[in-house]
Protein chains: 2
Amino acid sequence: MRSTSRAETFPAHTPAVSQIFTTVLSHGPLTRLEAARRAGLSPAAVTKAVRPLLAAGYLAEDADGEARPALGRPANLVRVDGGRALFIGVKVTGDEVIAVLTDLCCRILLARRLPVTDRAARAVLTSVADLTHELRTEAEDFGAPVLGLGIAVSGDVDRAEGTVRYSPFLDWRDVALAELAAMTTGLPVVVDNDVRALTVAEQWFGAGVGLSDFAVVTVGAGIGCGLVIHGQVVSGAHGVAGEIGHVAIDPAGPLCHCGNRGCVEAIAGDAAIVTRMREVTGRQVADSAAAVALAHEGVPGAREVYARAGEAIGRGIATVANLFGPERVIISGEGLAAYDLFAEQILDSFTAAAFGSAAQSDVQTRPLAFEEWARGAAAAAIQSFITSSPTPTGKG
Amino acid sequence: MRSTSRAETFPAHTPAVSQIFTTVLSHGPLTRLEAARRAGLSPAAVTKAVRPLLAAGYLAEDADGEARPALGRPANLVRVDGGRALFIGVKVTGDEVIAVLTDLCCRILLARRLPVTDRAARAVLTSVADLTHELRTEAEDFGAPVLGLGIAVSGDVDRAEGTVRYSPFLDWRDVALAELAAMTTGLPVVVDNDVRALTVAEQWFGAGVGLSDFAVVTVGAGIGCGLVIHGQVVSGAHGVAGEIGHVAIDPAGPLCHCGNRGCVEAIAGDAAIVTRMREVTGRQVADSAAAVALAHEGVPGAREVYARAGEAIGRGIATVANLFGPERVIISGEGLAAYDLFAEQILDSFTAAAFGSAAQSDVQTRPLAFEEWARGAAAAAIQSFITSSPTPTGKG
DNA sequence: TGGCTTATTTTCCGCTGTCAATAAAAGAAA
DNA sequence: TTTCTTTTATTGACAGCGGAAAATAAGCCA
């Protein structure tokens, strides 16, 4: 298999086609009539839009499932055929590369990990290529082509350019990752910031479906935040946004690596919790798992460390809510392993600090396995595949 | 003149027409070619879009001004004929009603004020109607019709519905202001939150022209913030956004009327400054003008009060920048009378607290006469006039 | 087998914006 | 003065998108 027969493109020739497809993708099987209603189009337009997508195999028709209203012509449900195309998503951290194979509906089919021993871009790229190759080989069993690769990296990433401008954890600067990975793998590649990719996944396939304004807050080593406003992911004028971790909460708080005092991350980030846990309990605390254990054991003072972290997170979320009034806030992240230690304080301090109707925001939590980050990268790849115009408007 | 011959509507029959008009409105006189480039349309489309607007008098053609490139056919500049239509903008505060008459380019032609003695909606409405009538009468001298009325009120305002849901300063709840004012004046009425209206004015006619992501921060009795993201003003899912005044900066700070401690407004709002000035200097301080005077006199401790306020504002702005990454932040408001006392601290603490590329945001200040608030309301009315579809899609 | 109801498709049709060719308005060159 | 060059504006043919309405399909129920 000597690589690619010119990359397959999505037959979205008109805005209506894109819109109908994404509507069906996000809102599950729909009748044509319902799809028309949700997309604000006429039923005739749906019929026309659906036809080429059916022909290309991206949509499929279910003989309707159940519970029809017993009157009138039965509806034919239209749904996305997830098995039509596969995507690979990769999350790169300082310690590991995690890769998943998903279908077109962004359901995880396989997952793989590889430790990172050398953080140099070249070495990491090799790991990415190896995992991609491995998943691609196994993907043959599913009888569908792999049509895109998404890579998620923390830090300052320019998705349009496909470059990592600066990633502190990896110590990368100006790495043209998309181009390199595309050369190595022969796949279309999307590179995005990890939190943004996760936000895209929530927007299209998760708790953000159908919402035009919501926030995703991730709790873990860092505290991050993805924003969707007016139905679009916010990237900021300089490519960076959602830095909730460096919102300063308390001028008398602990020093943060960014140079300020009392950043949310300096209170509630993994490292901050471990450090403080050592100070408070006077014990050895190897990592955040150990810190959680101490709190669960009921070691004096340990719970207060988490209470304080939860309060910081809650106040950070309240700040976000006060500033842009999201309909929902989705809290997520590895840090949620300790969620039972946090939860109450997060909600309490959010409620206390949210002003007026910002308190109406629906604050949810969502457990997040580490593979979910990689799934976010796959979601970015899927999004790019669907929205990339088939007319050659430059190359990414 | 027994009121209205059916309200005049803007002949924007297609998206292209709207787009061309707003492009010319914001970017001054343009050649058709240049307008096409900026709007992303073909020159042919511009010619077609411009024709009906010229015919209706909204656009005018300048025989080109100066400095042509001396080669090729001279360009004909197209500009908005500001004198074609007039608008009235009204800002309602707890103390005063301020009204301005503007032209279509949102230039202020006349301004009037009336003190508020009774804050009841009915009484305020009478003042609004009186001022509107007065300005309308004088507007006859300008030989152009008044085509809309904008009203700006602080608090929770539903622009689409035209209702004031809750305004703390006026103690209004659920006042259907647009409908009432429309009945009284016979004009199309837009009601919006004051900060949002000001943001619209900046977006279309001010320092936000051409930017898709910026913030407006107002300093005065309250501290407010208007956001434009993805080229649209942010209203939040519940109709409230930009509450920078209640971003909590310091858990050990002074108590705010919202019940929390250390809100920006509780440190840097007019009332907070006056209160603290009394405490620090031990003198009588009647109002914020008196407070400014004390600081300028060099009374011991007085300057520190402003330094502290400036620091709070700067940190609030940094929070906005960290979260949204705006291209520009426009600081404005009556509070700027004291700008020389603030400026350094605002910028310093912004720079210190902005994380990474958020510090690249261009922070500007813009003196703001009180009439500018009313002009913002006029801008909202202009926007509504231009974008309201001529096809009757309900009534506002 | 009709009749009723709802879903989907078909058949135009208006409308928009692009394309390519053409006109216009200068200065420059001959 | 005439012709050429260069840039801007306009025109008219045209393709294609999506809407409206009418036609058709596909079940239930008498």
Side-chain angles (χ1 to χ4, degrees), chain A residues 10-24 27 29-55 59-79 387 389-393, chain B residues 10-24 27 29-55 59-79 387 389-393:
Chain A
F10 188 71
H13 299 108
T14 90
V17 175
S18 293
Q19 213 180 343
I20 293 295
F21 186 78
T22 57
T23 303
V24 174
H27 295 89
L30 292 176
T31 71
R32 289 173 170 79
L33 216 55
E34 181 64 15
R37 211 183 49 70
R38 297 219 188 195
L41 293 170
S42 70
V46 176
T47 293
K48 284 183 249 189
V50 160
R51 204 189 321 272
L53 294 172
L54 279 175
L59 291 181
E61 233 171 336
D62 274 345
D64 72 322
E66 66 254 42
R68 63 193 114 163
L71 201 56
R73 172 175 172 171
N76 282 340
L77 294 177
V78 175
R79 64 179 172 79
T387 59
S389 71
T391 56
T393 323
Chain B
F10 189 70
H13 299 108
T14 92
V17 175
S18 292
Q19 212 180 344
I20 293 295
F21 186 79
T22 58
T23 302
V24 174
H27 295 89
L30 291 177
T31 71
R32 289 173 171 76
L33 216 56
E34 181 63 16
R37 213 183 49 70
R38 298 219 187 195
L41 293 171
S42 70
V46 177
T47 293
K48 285 182 224 181
V50 161
R51 201 188 324 272
L53 294 172
L54 278 175
L59 292 181
E61 233 171 337
D62 273 344
D64 72 321
E66 66 255 43
R68 66 190 112 168
L71 200 58
R73 171 175 174 173
N76 283 339
L77 294 177
V78 175
R79 63 179 173 78
T387 58
S389 71
T391 55
T393 322

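Chain naming here is simple, since letters A, B, ... match the order of the sequence lines and numbering starts at 1 in each.
Nearest-nucleotide assignment on DNA chain D puts the 5′-proximal partner with B/Thr47, out of A/Ala45 and B/Thr47. With DNA chain D read from its 5' end, the first of the two nearest nucleotides for B/Arg32 and A/Ser42 is the one closest to B/Arg32.
Listed candidates were C/dT8, C/dA25, D/dG18. Nearest to the side chain of B/Pro74 is C/dA25. Here the side chain of B/Ala75 is nearest to one of C/dT18, D/dA9, C/dT8, namely D/dA9. For A/Leu33, whose side chain is taken as the heavy atoms from C-beta onward, the closest listed nucleotide among C/dA7, C/dG17, C/dT9 is C/dA7.
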* To do: Before giving the answer on side-chain contact (heavy atoms from CB on, under 4.5 Å), spell out for B/Val78 and B/Leu30 the whole-Å C-alpha distance, their side-chain angles and the decisive distance to 0.1 Å.
  => CA-CA 5 Å; B/Val78 175; B/Leu30 291 177; 5.8 Å; no
* Asked: Please walk me through it: do A/Asn76 and A/Thr31 pass side-chain contact (heavy atoms from CB on, under 4.5 Å)?
  -> CA-CA 6 Å; A/Asn76 282 340; A/Thr31 71; over 6 Å; no
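Residue B/Leu77 holds its CG atom at 6.0 Å from CG of B/Asp62, rounded to the nearest 0.5 Å. Taking OG of B/Ser18 as the reference point, atom NE2 of B/His13 lies at 10.0 Å (rounded to 0.5 Å). Atoms OG1 and CZ, from B/Thr22 and B/Arg38 in turn, are 12.0 Å apart once rounded to the nearest 0.5 Å.
Separating the CZ atom of B/Arg73 from the P atom of D/dT8 is a distance of 10 Å, rounded to the nearest angstrom. Atom C1' of nucleotide C/dT16 and atom CD1 of B/Ile20 are separated by 13 Å, given to the nearest angstrom. Nucleotide D/dT10 holds its C1' atom 13 Å from the CG atom of B/Leu54, rounded to whole Å. Distance A/Gln19 CD to D/dG18 C1': 11 Å, rounded to the nearest Å. In this structure, CD of B/Glu61 is placed 10 Å from C1' of D/dA9, rounded to the nearest angstrom. If you take NE2 of A/His13 and C1' of D/dG18, they are 17 Å apart, rounded to a whole angstrom. Rounded to an integer number of Å, the gap from CG of A/Asp62 to P of C/dA7 is 17 Å.
The side chain of B/Thr14 places no N or O atom within less than 4.0 Å of a non-bridging phosphate oxygen (OP1 or OP2) of C/dC15. Taking 4.0 angstrom as the limit, A/Arg37 places none of its side-chain polar atoms (N or O) nearer than this to OP1 or OP2 of C/dA7.
Among the heavy atoms of the strands lying under 4.0 Å from B/Ala44 is at least one base atom, whether or not backbone atoms are also near.
One can find a donor-acceptor pair under 3.5 Å joining the base of C/dT18 and the side-chain atoms of B/Lys48.
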